[in-house]
Engineer: 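Encoded as structure tokens, here's the structure I'll be asking about.
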Amino acid sequence: MNYEFKSIEAKWQQFWAENQTFKSEINPDAPKCYVLDMFPYPSGAGLHVGHPLGYIASDIYARFKRHQGFNVLHPQGYDSFGLPAEQYAIQTGQHPAITTETNINRYRQQLDKIGFSFDWSREVRTSSPEYYKWTQWIFGQLFESWYNTALDKAEKIETLVAKFETSGNVGVEAICDEETPLFSGVEWNAFSEVKKQEILLKYRIAYLADTEVNWCPVLGTVLANDEIVNGVSERGGHPVVRKKMTQWSMRISAYANRFLEGLNDLDWSESIKETQRNWIGKSVGAAVSFNVLPIQDHDNPITIDVFTTRPDTIFGVSFMTLAPEHPLVAQITTEDQKEAVTSYIEATAKRSERDRMSDVKTISGVFTGAYAEHPFTKKPIPVWIGDYVLASYGTGAVMAVPCGDQRDYDFAKHFGIAIPNVFKDQDISETAYTDKANAVITNSDFLNNLPAKQAAEIAIKTLEVQAQGKGKTQYRLRDAVFSRQRYWGEPFPVYYVDGMPQLIDTKYFPIHLPDVEKYLPTETGEPPLGRATIWAWDTVNNTVVENAKIDHKTIFPLELNTMPGWAGSSWYLFRYMNPNNTDAFASKESLDYWGNVDLYIGGSEHATGHLLYARFWTKFLYDLGYLKVQEPFQKMINQGMILGESAFVYRVSGTNKFISKGLTGSKEVEAIHAHIDFVNISNELDVEAFKNWRPEFANAEFELEDGKYIVGREVEKMSKSKFNVVNPDAICEQYGADTLRLYEMFLGPLEQAKPWSTAGITGVYNFLKKLWKLYVGEKGLKVTSTPASKDSLKTLHKTIDKVTRDIENFSFNTSVSTFMIAVNELTAQKCTSEEVLKPLCILLAPYAPHISEELWSRMGGNSSILNEKFPLFDEKYLKEDTKTYPVSFNGKMRFKMELSLDLTKEEIQEIALKDERTIKQLNGREPKKIIVVPGKIINFVG
RNA sequence: GCUCAAGUGGCGGAAUUGGUAGACGCGCUGGAUUCAAAAUCCAGUUCUUUCGAGAGUGUGGGUUCGAUUCCCACCUUGAGUACCA
């Protein structure tokens with residue numbers, strides 16, 4: 001009987017579905033294990049062979065854990081709201097609801113063929129109202145909360161209101177807008193309702209504010225910082241401009257420090273942690289105010305506020321630099337410098353932010369004519385403008401210490417500004433001295449002879465006494481913009497009264513996304529929700545009304561923006577725990593039992609987006625007491641991308657003649673992507689298929705070498721437009737899902753990017769055929785109940801040991817090799833014993849579940865092989881006849897030898913003496929004495 | 001520029017963490033089987049070679065009896081980040 005993978009795989013996929021084999025329930029008696037994949041957004045292109053890589057790895061792990069007796073939660077769903085899904089809909093001219101549905105069905109079909117152990121009864125879709133009801137609910141919680149820095153946690157807004165009523169906001173330690181004015185309790189109580197709401201908005205974690213945002217005109221929406229790469233949109237690569245707009249934001253920066261601290265306990269790759277640390281960008285230092293001279297109003301002087309990480313070098317300040325956009329520039333520039341300053345600002349404004357960033361070398365700047373007063377020496381310091389200072393970071397102004405900062409140094413040299421040295425025994429004639437750890441301060445009055453760290457502390461204290469500064473920790477992490485001027489996202493459960501946002505009572509959730517016809521984004525930023533229809537909230541009937549007249553009495557305007565794509569994906573891991581709950585985002589029982597994700601598998605490109613936002617919402621829900629865990633993903637593995645091998649044909653420029661790769665020589669040719677389906681393993685092009693591909697190629701001429709047209713190959717990202725996509729369905733069709741699973745793992749280390757090549761798949765396919773033959777012969781099952789030979793047991797336990805360790809270390813590629821060796825050895829040993837073949841079958845089950853189930857049932861196993869215990873490794877089968885002997889002489893360990901156990905001391909010595917390593921090291925000398933330490937070590941004393 | 005990761009046959013990649021480098025697979029060569037092909041099986045396959053051997057894990061040093069593995073310097077590639085005060 002041959003290995004009929006098609007019928008086997010169909011049979012078991014059906015069996016698993018009918019028996020709900022992968023359905024998981026809470027079981028307090030069993031240890032839990034939550035294995036999660038980053039859920040896909042259902043794009044129109046369907047899955048290519050790169051997508052399942054991570055899913056296969058997590059599936060192997062999940063199945064392995066089940067064999068080990070864990071209660072495994074392994075769900076899957078779809079991130080179906082957001083830009084990618086909507087862009088696809090727009091490109092194909094269909095409604096996003098339709099394309100999303102179609103794409104999900106396609107994905108599901110493809111996923112089902114690969115035999116994953118997903119518990120589909122827990123499927124979630126971020127775009128379904130049952131799901132986004134709770135996304136809206138969490139938004140409501142964020143809106144109704146503030147961040148208490150005294151307790152370092154988020155709290156309900158009522159506790160803040162209570163504080164305001166008794167003593168105002170004086171002494172309230174909170175994360176809030178910078179320009180929040182102080183008020184007393186009496187004043188608060190006298191404020192109008194609108195005024196109160198206006199103030200509370202400055203404290204809410206989800207808040208509405210006029211902010212400078214990244215506006216992308218082509219996409220017709222604002223974007224968060226992590227959605228912009230190199231100054232253009234991550235999706236599509238469209239230009240992004242700065243624009244002031246009223247937008248919802250999230251006070252994610254409140255959590256900056258907790259993000260950093262939490263990283264230490266996470267089992268994530270160092271590079272991802274480092275990326276997050278950089279993104280959060282913590283710098284410890286001081287805020288310092290410099291008075292602008294002349295001081296006219298001593299109670300309320302004009303000040304230039306700066307942030308510095310080096311308050312210890314404050315005596316080295318020889319000038320100050322403002323960003324060209326700094327608001328003080330116009331105010332302090334003197335008459336005679338006005339012209340120079342104006343023309344400089346004009347010149348820099350012409351250069352885009354990108355140009356400024358890429359051109360780091362050119363030093364430019366202009367003197368304002370103004371001076372500021374040094375807080376200690378009281379000497380005047382010239383104030384300059386320079387475009388090396390960015391308006392968007394810190395205060396947009398720096399105190400320049402040329403001796404301690406290279407940029408300040410270069411600027412000072414360029415403009416001939418003094419460079420006072422405040423570092424003891426350091427030469428700064430060529431370059432700045434930037435080492436903070438070893439610096440000792442000098443020429444600095446009361447800071448003389450202090451190491452930098454102490455000097456910084458004393459400088460801060462002194463500044464505090466003078467009320468001209470204080471210690472400050474600055475973060476690069478900005479608050480996250482939370483509204484999008486798009487259709488395909490969660491509507492905000494918010495309406496407006498007197499311009500102030502009001503949260504709709506949660507009992508009326510979800511606020512459904514209306515089914516509008518005109519869902520396209522606009523270039524002006526007008527949200528699609530309000531364009532085709534008037535969308536409003538009826539406070540009498542507590543319902544959304546369309547095309548009703550907004551009277552601001554009972555009918556109020558609704559928020560027309562929608563939430564960004566990351567809203568739904570920031571908490572989906574918790575919804576899987578209890579996906580059909582209509583009373584809560586998940587029940588307390590399920591949240592407490594499943595905790596957080598034990599293993600998360602996905603791409604590393606989400607380091608500063610999704611992964612940070614999910615941590616944010618998890619910590620917030622923890623603060624409010626809904627969760628027991630502070631981190632969503634305990635361990636994470638980032639699978640590498642599978643790349644495609646594109647094929648190129650070479651057309652002589654300006655003609656319709658194609659030249660085989662070897663003949664191109666110095667001819668001027670253009671490389672054109674050819675579909676990889678037209679190319680065989682030897683890189684030979686099917687010329688006829690190529691001609692029929694496109695009308696423009698129908699009459700093409702081909703110059704062949706050896707009668708063949710050879711294409712060029714190049715490794716690129718797998719993409720439809722590069723015609724290099726390999727579809728997993730085709731592989732399943734030809735070789736089966738088990739082969740696909742094994743081969744994807746066999747390709748190379750999981751975390752490494754690697755090109756896909758179907759060429760090697762026959763090796764894995766052959767392995768499965770050999771495996772089949774080991775168990776099943778012409779006349780049926782070959783497995784017998786005879787005891788296994790020593791050799792076979794050794795092979796088995798070698799395999800158990802390696803495979804177990806491999807799964808725990810996620811080196812699945814070497815496991816596949818181990819299986820191949822095992823099957824070759826057992827075949828050679830003519831092993832038929834179920835003592836060996838049964839455990840081997842279980843070992844293989846996580847990798848190749850279909851064939852394992854089939855063999856298991858043929859061997860008389862009950863129900864699914866998943867209920868079987870994973871075999872345990874026993875050293876005795878390996879160490880029975882050989883032992884590793886460390887060989888040493890002169891008291892030093894020399895090398896190890898693997899020798900038979902039956903040997904006597906004398907025999908061991910003899911063998912060790914004949915070993916070429918011993919001969920080389922003794923170099924002709926006779927060892928005087930040979931010591932055999934009982935059990936293990938042989939000593940030669942030379 | 002900075003941070004991180006990596007460099008091993010024709011190719012993908014192993015190496016029990018300092019102990020006979022190249023497991024396993026692809027490809028290639030030869031053989032068996034076959035009318036033939038596919039499939040399957042067996043043998044070989046790092047390079048050089050005067051067939052005795054020699055060289056060999058990006059390059060150059062170092063530690064060690066012994067280095068793909070540890071240390072130093074450099075080169076190359078990939079990823080992330082970038083005037084962050």
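Just so it is clear: chains get the letters A, B, ... in the order the sequence lines come, proteins before strands, and each one is counted from 1.
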Engineer: How far does the P atom of rC47(B) sit from the matching atom of rU57(B), given to the nearest Å?
Structural biologist: 15 Å
Engineer: To the nearest angstrom, how far is Trp384(A) atom CH2 from rA85(B) atom C1'?
Structural biologist: 18 Å
Engineer: Using a strict cut-off of less than 4.0 Å between a Lys/Arg side-chain nitrogen and an Asp/Glu carboxylate oxygen, indicate whether Glu744(A) and Lys754(A) qualify as a salt bridge.
Structural biologist: no
Engineer: I'd like to know if Arg805(A) pairs up with Glu808(A) as an ion pair, taking the criterion as any Lys NZ or Arg NE/NH1/NH2 lying under 4.0 Å from an Asp or Glu carboxylate oxygen.
Structural biologist: no
Engineer: Which listed nucleotide (rU81(B), rC24(B), rC83(B)) is nearest to the side chain of Asp387(A)?
Structural biologist: rC83(B)
Engineer: Under a 3.5 Å threshold, yes or no: a donor from one side chain and an acceptor from the other, between Asp806(A) and Ser815(A)?
Structural biologist: yes
Engineer: Which part of the nucleic acid, if any, lies within reach of Gln474(A) when heavy atoms closer than 4.0 Å are counted: base, sugar-phosphate only, or nothing?
Structural biologist: nothing
Engineer: Please check the phosphate of rA79(B) (OP1 and OP2 only) for any side-chain N or O of Thr275(A) closer than 4.0 Å.
Structural biologist: no
Engineer: When both hydrogen-bonding distances must be under 3.5 Å and the geometry is Watson-Crick or G-U wobble, what is rU48(B) paired with, if anything?
Structural biologist: rA53(B)
Engineer: Could you walk me through whether Glu751(A) and Ser269(A) pass the side chain to side chain donor-acceptor pair (under 3.5 Å) test, one step at a time?
Structural biologist: CA-CA 10 Å; Glu751(A) 302 189 65; Ser269(A) 77; 5.5 Å; no
Engineer: Both distances below 3.5 Å, Watson-Crick or wobble geometry, any strand: find the nucleotide opposite rC84(B).
Structural biologist: none
Engineer: Using the P atom as the reference point in each nucleotide, state the distance between rG12(B) and rG54(B) in Å, no decimals.
Structural biologist: 30 Å
Engineer: Now, which nucleotide makes the Watson-Crick or G-U wobble pair with rC74(B), with each of the two distances under 3.5 Å?
Structural biologist: rG58(B)
Engineer: Ile272(A) versus Met636(A): any side-chain heavy-atom pair under 4.5 Å?
Structural biologist: yes
Engineer: With a cut-off of less than 4.0 Å, is there a side-chain N or O of Gln406(A) near OP1 or OP2 of rC83(B)?
Structural biologist: no
Engineer: Going by the angle between their ring planes, with limits at 30° and 60°, are Trp384(A) and Phe319(A) parallel, tilted or perpendicular?
Structural biologist: perpendicular
Engineer: Whether Arg277(A) contacts rU3(B) is assessed here as follows: a side-chain N or O lying under 4.0 Å from the phosphate OP1 or OP2. Is that the case?
Structural biologist: no
Engineer: In whole Å, what separates the P atom of rU59(B) from that of rU69(B)?
Structural biologist: 11 Å
Engineer: Students often get this wrong, so: under 4.0 angstrom with heavy atoms, is Pro749(A) touching a base, only sugar-phosphate, or nothing?
Structural biologist: sugar-phosphate
Engineer: Taking the same atom, P, in rA38(B) and in rC51(B), what whole-Å distance lies between them?
Structural biologist: 38 Å
Engineer: Using the C1' atom as the point on both nucleotides, what is the distance between rU20(B) and rC26(B), in whole Å?
Structural biologist: 26 Å
Engineer: Round to the nearest Å and state the distance from Tyr388(A) atom OH to rA85(B) atom C1'.
Structural biologist: 8 Å
Engineer: Write down the distance separating the C1' atoms in rC71(B) and rG18(B), rounded off to the nearest Å.
Structural biologist: 14 Å
Engineer: Name the nucleic acid region contacted by Asp408(A), choosing base, sugar-phosphate or nothing; use a 4.0 angstrom heavy-atom cut-off, strictly under.
Structural biologist: nothing
Engineer: Just label rU17(B) as syn or anti from its O4'-C1'-N9-C4 or O4'-C1'-N1-C2 angle, using within 90° of 0 for syn.
Structural biologist: syn
Engineer: Report yes if at least one side-chain N or O of Asn824(A) is closer than 4.0 Å to OP1 or OP2 of rC24(B); otherwise report no.
Structural biologist: no
Engineer: With no hydrogens and no angle check, do the side chains of Lys413(A) and Tyr409(A) hold a donor and an acceptor under 3.5 Å apart?
Structural biologist: yes
Engineer: Rounded to whole angstrom units, what separation is found between the CG atom of Asp806(A) and the P atom of rG13(B)?
Structural biologist: 16 Å
Engineer: Mind checking who rU68(B) pairs with, Watson-Crick or G-U wobble, both distances under 3.5 Å?
Structural biologist: none
Engineer: So what does Glu270(A) hit on the nucleic acid, given a heavy-atom distance under 4.0 Å: a base, only sugar-phosphate, or nothing?
Structural biologist: nothing
Engineer: When the P atoms of rU64(B) and rA82(B) are compared, how many Å lie between them, rounded to an integer?
Structural biologist: 45 Å
Engineer: Taking the same atom, P, in rG9(B) and in rA14(B), what whole-Å distance lies between them?
Structural biologist: 14 Å
Engineer: Could you tell me the separation between the CZ atom of Phe812(A) and the C1' atom of rA14(B), rounded to a whole number of Å?
Structural biologist: 17 Å
Engineer: Please give the nucleotide sitting opposite rA37(B) as a Watson-Crick or G-U wobble pair, both distances under 3.5 Å, or none.
Structural biologist: none
Engineer: Just call it for Lys770(A): base, sugar-phosphate, or nothing, with non-hydrogen atoms closer than 4.0 Å on any strand.
Structural biologist: sugar-phosphate
Engineer: OP1, OP2 of rA82(B) versus side-chain N and O of Asn278(A): anything below 4.0 Å?
Structural biologist: no
Engineer: Is there a Watson-Crick or G-U wobble partner for rC24(B) with both distances under 3.5 Å, and which nucleotide is it?
Structural biologist: rG12(B)
Engineer: Scan Lys802(A) against the nucleic acid and name what it touches under 4.0 Å (heavy atoms): base, sugar-phosphate only, or nothing.
Structural biologist: nothing
